[in-house]
Amino acid sequence: RYKDRYVIHVSEESLDRFDAADREIWRDLMTWLHGENAVRFLLGKFEPFLKRRFKEALHDVNFRPYTQLLRDFTNYSLTPHTDAVWKVAVFIFYLAPNADHIHLGTSLYVPNDPTFRCEGGPHHPRERFTKVVTMAYKPNTMLGFFKTSSSFHGVEAVTAMNVQRDL
């Protein structure tokens, strides 16, 4: 979908694309991330928001993890958006090899029009937003947020040559 982004959807089928020597560790990670304990723990961080969004139907909702490995290259960027309508929460694990490119983290935005909301889907022009913060892209770092109609985030352009951003 993006020429400067490489994506692997982590599933049992996609694990066949990994070298045999690496496959088992990725299978173990996927099993853990998709396990009930991890899902319950991560979603538990947003319990008040889950109750507000799903109300009495919360106990009937079947949450499914959707995991991707992402590698962004020079020229990659994402304008502000709130993610797909079907998402509930987003957790981004930075797989940075070091802290040399902390500016490559995910940015959070507020719309210049405080009443503007987006249920999800389209990406919006940067000039309609103010960047609040760019999270530091460094090892052992994770960003998590609850998906709402005002959870605008994106990626500032990766301009340095021969740089990759792994998530």
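Nearest heavy-atom pair, His124 versus Arg128, reported as atom, atom and distance to 0.1 Å: ND1-NH1, 4.2 Å. In this structure, Arg126 and Ala157 approach most closely via the heavy-atom pair NH2-N, 4.3 Å. Pairing each heavy atom of His81 with each of Gly154, the nearest pair is CE1-CA, 4.2 Å. Of all the heavy atoms in Gly144 and Phe46, the pair that sits closest is C-CZ, 4.0 Å. Nearest heavy-atom pair, Glu156 versus Ser77, reported as atom, atom and distance to 0.1 Å: C-CB, 4.1 Å.
Transitive grouping of hydrophobic side chains (ILVMFWY, heavy atoms separated by less than 4.5 Å) keeps Val158 and Ile102 in distinct clusters. Tracing side-chain contacts under 4.5 Å through hydrophobic residues (I, L, V, M, F, W, Y), one never reaches Leu167 starting from Leu29; they form parts of separate clusters.
Using modelled atom types, one finds a donor on one side chain and an acceptor on the other under 3.5 Å when comparing Thr130 with Asn112. Judged by distance alone, the side chains of Thr134 and His103 never bring a donor and an acceptor atom under 3.5 Å apart. A donor and an acceptor atom, one from each side chain of Thr106 and Tyr137, are nowhere located under 3.5 Å apart.
Arg165 contributes a side-chain N or O that, together with a main-chain N or O of Leu104, makes up a donor-acceptor pair within less than 3.5 Å. Judged by distance alone, the side chain of Arg23 and the main-chain N or O of Phe18 form a donor-acceptor pair under 3.5 Å. For Thr141 (side chain) and Pro139 (main-chain N/O), a donor-acceptor pair under 3.5 Å exists by modelled atom type. One N or O on the side chain of Ser14 and one on the backbone of His9 form a donor-acceptor pair closer than 3.5 Å. A distance-only check finds a donor-acceptor pair linking the side chain of Asn98 to the backbone of Asp100 [under 3.5 Å]. A donor-acceptor pair is defined here as one N or O able to donate and one able to accept, closer than 3.5 Å; no such pair exists between the side chain of Thr82 and the backbone of Ser151.
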Working for side-chain contact (heavy atoms from CB on, under 4.5 Å), residues Leu78 and Tyr76: CA-CA 7 Å; Leu78 274 178; Tyr76 181 76; 2.9 Å; yes
side-chain contact (heavy atoms from CB on, under 4.5 Å) between Tyr6 and Gln164, intermediate numbers included: CA-CA 10 Å; Tyr6 182 71; Gln164 62 189 40; over 6 Å; no
Criterion side-chain contact (heavy atoms from CB on, under 4.5 Å) on Asn162 and Phe73, from CA distance to verdict: CA-CA 7 Å; Asn162 302 316; Phe73 300 99; over 6 Å; no
Full working for side-chain contact (heavy atoms from CB on, under 4.5 Å) between Leu108 and Lys131: CA-CA 6 Å; Leu108 305 178; Lys131 181 173 70 171; over 6 Å; no
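The distance from atom CZ of Phe54 to atom CZ of Phe49, rounded to the nearest 0.5 Å, is 13.5 Å. Considering CZ of Phe93 and CG of Leu70, their distance stands at 12.5 Å, rounded to 0.5 Å. Rounding to the nearest 0.5 angstrom, the gap separating the CD1 atom in Ile92 from the CG atom in Leu143 is 5.0 Å. Within the model, atoms CZ of Arg53 and OG1 of Thr148 stand 9.0 Å from one another, a figure rounded to the nearest 0.5 Å.
Applying the ring pair (Phe, Tyr, Trp, His ring centres under 6.0 Å) test between His153 and each of Phe146, Phe145, Tyr109 identifies Phe145 as the sole match.
For the pair Asp83 and Lys147, the salt-bridge criterion is not met [side-chain N within less than 4.0 Å of a carboxylate O].
Counting non-hydrogen atoms of neighbouring residues, nucleotides and ligands closer than 6.0 angstrom, the CG atom of Asp113 exceeds 12 such neighbours. Within a 6.0 Å sphere centred on NZ of Lys45, heavy atoms belonging to other residues, nucleotides or ligands number 12 at most.
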